Amino acid sequence: MFNNVTFFKGESFPLEMHKVRIVQKLSLIPVEERLRAIREAGFNTFLLKNRDVFLDMLTDSGVNAMSDRQLAAMMTADDSYAGSMSFDRLKTTASDIFNKEYVLPVHQGRAAENILAEAYVKPGNVVPMNYHFTTTKAHIGLRRGKVVELYNDSALRLQSEEPFKGNMDISRLEKLLAKEKGNIPFVRVEAGTNLIGGQPWSLSNLKETGKLCRAANIPLVLDASLLADNLYFIKTREDNEKDKSIREIIKSISDEIDIIYFSARKLGCARGGLILTNDPKVNEVLMGLVPLYEGFLTYGGMSVREIEAIAVGLEETLDFDMIRHGPEFINFMARELVNRGVPVVTPAGGLGCHLDAKRFLPQIPAEEFIAGALGAAVFIAGGVRGMERGTLSEERNEDGSEHICDVEMLRLALPRRVFTMSQVKYTVDRLQWLYENRDIVGGLKWIYEPKVLRFFNGRLNSVTDWPEKLAKKFRSDFGDSL
Ligand code: F0G
């Protein structure tokens, strides 16, 4: 049904349905150099220099592999401030795929969030959503609105069998819509829910959400940045949808949604963003803000080359071979780690493989940044750069105390079509080694803590000399090996 390839001897692993035609040389520096690099970066993986990184699993944002067709399209871009035919092409493609008439350009996902919040969020408003994303929450908070998350109990359970942890809790939504009547500018659903481990919602759950919003006459907004992964999970995990094409599933999703926006750094594998709607009034309001914040309506802060690449990238997202690659590699990586006893988020979601840092490093107190310490240790162990998704990524409480996160994860993103199977296997190997040596790893403490979005530029130190001990153990276990 999904054109699966099975193997003669019963092995099971995903197979790439593309070949590599342009490559970038990587280097893996020795463990002593990795130790120096992470110290210099203040134990913050955002501050590592890319030349010191072997496998960059920080994010999938803007770093998905592009196809030959995307690169070719970039060469034919129509460069003009107004009336670019490149934007016309993107508009036609996006409008056709998402079944929405109006298409507005923005320079990236958070720019769409800025415009939506500016247009609709007033002080004291409440914006219900399945889960927040950092930039979404910041833009709503800036307008003194409040995000209310209506996830199910299973959402924060890191190990579960629940296939749709990103689902909206329908009964909580129903109650909130009644309670906050007149105070809700829109409801937001996020595809491939990023901060809970790239977890999807089901189409049936979206339909129930849509029904409630229509009855309450409140617009439903979709953050489609991680839609590709969510589409894969709908097709493979939701019985009613498995015989539908990706195009049909997108159409069913779009039928429920009033405004779609996304980061084309993720969806479409280029760099940019779009906002789409069928409502002429909504279009008029948003259209007024695009030239103010982004640029003229035929580029919106994007380069015309990227605009061409997004158009082709969106078409390619309709190809199941393309959208299956990420989730199937992530699933493979998670499965191999589970088989070795390494704690990961299950079921595996999209975007990346998420390590369960609290179970990985139970000896570290929450105030010493468990997931942040794991990120530093993973870099020392293998030159692999992940992203902390835990207490470090939170803002402090109003009284100045640390806001301890319920969930401490290290995200190892697999940008689409970038890493090979052997690179994934290498990562699994180094993670297994680290897990077996986890007792060596200790916590982190601040040496410089910025007030806003501290995780980007903050610097930390190790609470003891555990990084040196870890590097020494690596050298004694691996000898001359990198
Ligand atoms: N929405 C979601 C669900 C995202 O994951 C992101 C970005 C944005 C909005 C903002 O888009 O970066 O183009 O402005 N996520 C990146 C990440 C940063 O690494 O997960 P943007």
Side-chain angles (χ1 to χ4, degrees), residues 44-46 48 56-64 104-117 127 129-142 147 149 151 155 165-166 168 186 188-201 221-231 233 253 257 259-276 293-294 300-303 306-307 309-310 313-314 326 330 345 349-354 371 375 385-390 392-393 409-416 418 453 455-457:
N44 179 351
T45 56
F46 276 99
L48 284 165
D56 187 4
M57 298 188 178
L58 186 72
T59 179
D60 62 339
S61 174
V63 291
N64 292 307
L104 295 168
V106 288
H107 78 274
Q108 64 184 90
R110 69 199 70 182
E113 293 171 337
N114 177 45
I115 285 175
L116 285 170
V127 184
M129 52 186 72
N130 55 340
Y131 207 76
H132 79 280
F133 185 69
T134 47
T135 53
T136 329
K137 194 173 170 180
H139 282 296
I140 291 168
L142 215 58
V147 165
E149 294 170 320
Y151 50 82
K165 290 199 225 177
M168 185 83 81
F186 57 83
R188 171 181 175 274
V189 285
E190 181 181 313
T193 326
N194 189 331
L195 296 187
I196 58 168
Q199 299 292 325
W201 33 255
V221 172
L222 169 68
D223 179 342
S225 306
L226 291 167
L227 184 67
D229 298 336
N230 209 124
L231 287 166
F233 291 120
I253 291 171
I257 305 288
I259 303 172
I260 301 176
Y261 76 87
F262 62 90
S263 168
R265 298 177 65 82
K266 291 173 185 277
L267 186 67
C269 299
R271 282 139 293 253
L274 288 180
I275 309 176
L276 301 100
Y293 291 114
E294 301 301 302
M302 289 184 275
S303 106
E306 297 292 338
I307 288 174
I310 297 167
L314 288 178
I330 292 161
V345 174
L351 207 174
C353 180
H354 292 73
R385 160 152 74 172
M387 189 189 286
E388 194 266 4
R389 292 278 126 180
L392 213 66
S393 299
M409 293 186 295
L410 183 73
R411 177 177 95 181
L412 297 172
L414 293 188
R416 292 159 193 83
V418 169
L453 297 176
F455 58 95
F456 280 133
N457 288 313

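Because the structure is predicted, anything quoted here is derived from the model rather than measured. Atoms within each ligand, like the ligands themselves, are counted from 1 in listed order.
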Problem set entry | Under 3.5 Å side-chain donor-acceptor pair for D223 and Y261 | yes

Problem set entry | Atoms in ligand 1 with a heavy atom of G109 nearer than 4.0 Å | 11 (O), 13 (O), 14 (O), 21 (P)

Exercise. Quick one: do the Q108 and S263 side chains pair a donor with an acceptor below 3.5 Å?
Worked result: no

Exercise. Any N or O of M387 that comes nearer than 3.5 Å to an N or O of ligand 1?
Worked result: no

Seminar exercise, completed: Honestly, for R411 the part within reach of ligand 1 (heavy atoms, under 4.0 Å) is side chain

For this session: Kindly indicate whether the side chain of L267, heavy atoms from C-beta on, has any atom under 4.5 Å from the side chain of S225.
Result: no

Problem set entry | ligand 1 to K266 polar contact by distance, N or O atoms, under 3.5 Å | yes

Exercise. So is there a nitrogen or oxygen of R110 less than 3.5 Å from a nitrogen or oxygen in ligand 1?
Worked result: yes

Exercise. Taking only heavy atoms of E113, which atoms of ligand 1 are found under 4.0 Å from at least one of them?
Worked result: 1 (N), 9 (C)

Exercise. Is the shortest distance from a Lys or Arg side-chain nitrogen in K266 or D229 to a carboxylate oxygen in the other one below 4.0 Å?
Worked result: no

For this session: Name the closest protein heavy atom to atom 8 (C) of ligand 1, giving the residue it belongs to and the distance to 0.1 Å.
Result: F133 CE2, 3.6 Å

Exercise. Are any non-hydrogen side-chain atoms of R411 and N194 less than 4.5 angstrom apart?
Worked result: yes

Exercise. Among N194, T59, D223, V63, which residue places a heavy atom closest to atom 20 (O) of ligand 1?
Worked result: N194

Exercise. For atom 21 (P) of ligand 1, what's the nearest protein heavy atom and its distance?
Worked result: Q108 NE2, 3.3 Å

For this session: Scan side-chain atoms only and decide if N130 and R188 contain a donor-acceptor pair under the 3.5 Å cut-off.
Result: no

Exercise. Are any of the N or O atoms of E190 closer than 3.5 Å to those of ligand 1?
Worked result: no

Exercise. Does any non-hydrogen side-chain atom of V147 lie less than 4.5 Å from one of T136?
Worked result: no

Exercise. If we only count heavy atoms from C-beta on, is the V189 to Y131 side-chain gap below 4.5 Å?
Worked result: no

For this session: State the atoms of ligand 1, each with its element, that fall below the 4.0 Å cut-off from a heavy-atom position in S225.
Result: 1 (N), 2 (C), 9 (C)

Exercise. Below 3.5 angstrom, do we get any N/O pair linking S263 and ligand 1?
Worked result: yes

